[in-house]
Amino acid sequence: MTPEELVRDHTVYSCVMGSRAFGLATEDSDTDLRGVYRAPTALFWRFDKPPAHVEGPADEQFSWELERFCELALRNNPNVLECLHSPLVERVDDLGRELLSLRGAFLSRQAHATFVRYADGQRRKLEADLRQYGQPRWKHVMHLLRLLGSCRDLLRSGELRIDVGEERAGLLAVKRGEVSWPEAERRMNRLRDEAERAQDTSPLPESPDRARVEDFLVRARRASALATP
């Protein structure tokens, strides 16, 4: 079975991500597709295992195998958690709906470490661009600010909000380069500090509900095995 067939025939959930999901789309925005497929259990009985992820077949499309997706979500990986909470669902079956019902089981205070670590990595790249080219890539600055705000709000409320809502105009001004780098840095530092403080009083649990997620994964694998002719 080819990777393309896994995505085509075994996707349980797919959605639109990126600027369109965040409420930051403009006329030139791409349509980023993200999805989850369940590889048939019988494929794991072979020496050559099915891929943990697949790029394509469409442009800007990326999919994870169900187990890999769950592993990353349990680690509070920002990209994967945001995929679970996209308001733009493209395709979902019964298994995908059950996966979506587990959104809360994945969330924990560990999100602070993973979101901030990812944000710090992106900031170092922006600073390298600044040294090399004299200015950062403003689109990436916009998304870094969005990510830090999302982290803060998640820790404060216990819920992951995808659409930026009233923050849209201000973030798009950053994307257009209408905000100075020192001001962007000030905002990054403020959001990072606010996320740090929110961690101590967050309604989120200390750790995700790994047992609940594992039970779901085992049932998904068993159902696939039983359906194998």
Side-chain angles (χ1 to χ4, degrees), residues 3-4 6-8 10-38 51-93 95-107 110-111 114-119 121-123 125-126 137-154 157 159-168 170-172 174-175 191 208 213:
E4 291 76 15
L6 284 171
V7 173
R8 185 191 67 201
H10 297 281
T11 290
V12 301
Y13 169 69
S14 64
C15 65
V16 175
M17 281 305 302
S19 294
R20 297 191 184 281
F22 301 139
L24 292 168
T26 56
E27 291 182 0
D28 60 346
S29 294
D30 294 327
T31 299
D32 300 319
L33 301 176
R34 299 292 179 267
V36 183
Y37 59 92
R38 175 183 58 179
H53 63 261
V54 174
E55 294 190 43
D59 292 338
E60 308 299 331
Q61 183 177 10
F62 188 96
S63 301
W64 296 269
E65 206 283 320
L66 180 63
E67 182 174 345
R68 179 58 174 165
F69 185 86
C70 289
E71 288 175 343
L72 292 172
L74 284 170
R75 297 177 193 170
N76 279 224
N77 176 286
N79 293 323
V80 169
L81 288 184
E82 289 175 342
C83 179
L84 267 178
H85 291 77
S86 173
L88 303 178
V89 175
E90 182 186 58
R91 173 180 171 185
V92 63
D93 64 9
L95 187 64
R97 278 184 280 274
E98 188 172 358
L99 174 64
L100 292 178
S101 75
L102 291 172
R103 285 169 176 156
F106 293 108
L107 296 176
Q110 293 175 12
T114 54
F115 275 61
V116 170
R117 183 167 59 244
Y118 182 82
Q122 295 300 109
R123 184 167 178 170
K125 292 179 181 178
L126 291 171
R137 285 175 284 185
W138 291 107
K139 177 180 178 180
H140 293 187
V141 177
M142 174 190 73
H143 281 298
L144 176 52
L145 290 168
R146 180 205 62 77
L147 179 70
L148 286 169
S150 179
C151 176
R152 177 201 60 191
D153 294 342
L154 168 60
S157 68
E159 298 180 358
L160 184 58
R161 180 170 64 96
I162 296 298
D163 193 291
V164 298
E166 296 178 356
E167 302 295 324
R168 172 181 164 85
L171 287 169
L172 288 178
V174 172
K175 180 182 180 181
L191 289 169
V213 174

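What you see is a predicted model, and the numbers here were worked out from it, not measured in a lab.
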Non-hydrogen side-chain atoms of [X] and [Y] separated by less than 4.5 Å:
X      : Y      : answer
Pro51  : Arg68  : no
Phe22  : Leu147 : no
Cys83  : Trp64  : yes
Ser14  : Leu33  : no
Thr26  : Lys175 : yes
Glu71  : Leu74  : no
Val89  : Tyr13  : yes
Leu160 : Arg103 : no

So which heavy atom on [X] is nearest to which on [Y], and how close?
X      : Y      : result
Phe115 : Ser150 : CE2-OG, 4.3 Å
Arg34  : Glu60  : NH1-O, 3.2 Å
Arg20  : Ser29  : NH2-O, 2.7 Å
Val174 : Met142 : CG1-N, 3.8 Å
Leu81  : Ala73  : CD2-O, 3.8 Å
Leu24  : Arg146 : CD1-CD, 4.0 Å

Please answer whether the main-chain N or O of [Y] pairs with a side-chain N or O of [X] as donor and acceptor at a distance below 3.5 Å.
X     : Y      : answer
Ser86 : Val16  : yes
Arg38 : Val12  : no
Asn76 : Leu107 : no
Thr11 : Val7   : yes
Asp30 : Asp32  : no

Notebook entry, point to check: Has Glu90 got more than 12 heavy atoms of other residues, nucleotides or ligands less than 6.0 Å from its CD?
Noted result: yes
Checklist line | OH (Tyr118) with more than 12 external heavy atoms under 6.0 Å | finding: no
Margin query: We want to know whether Arg75 and Thr114 form a side-chain donor-acceptor pair, criterion being a heavy-atom distance below 3.5 angstrom.
Written below: no
Notebook entry, point to check: Does the pair Arg161/Glu167 count as a salt bridge with the N-to-O cut at 4.0 Å?
Noted result: no
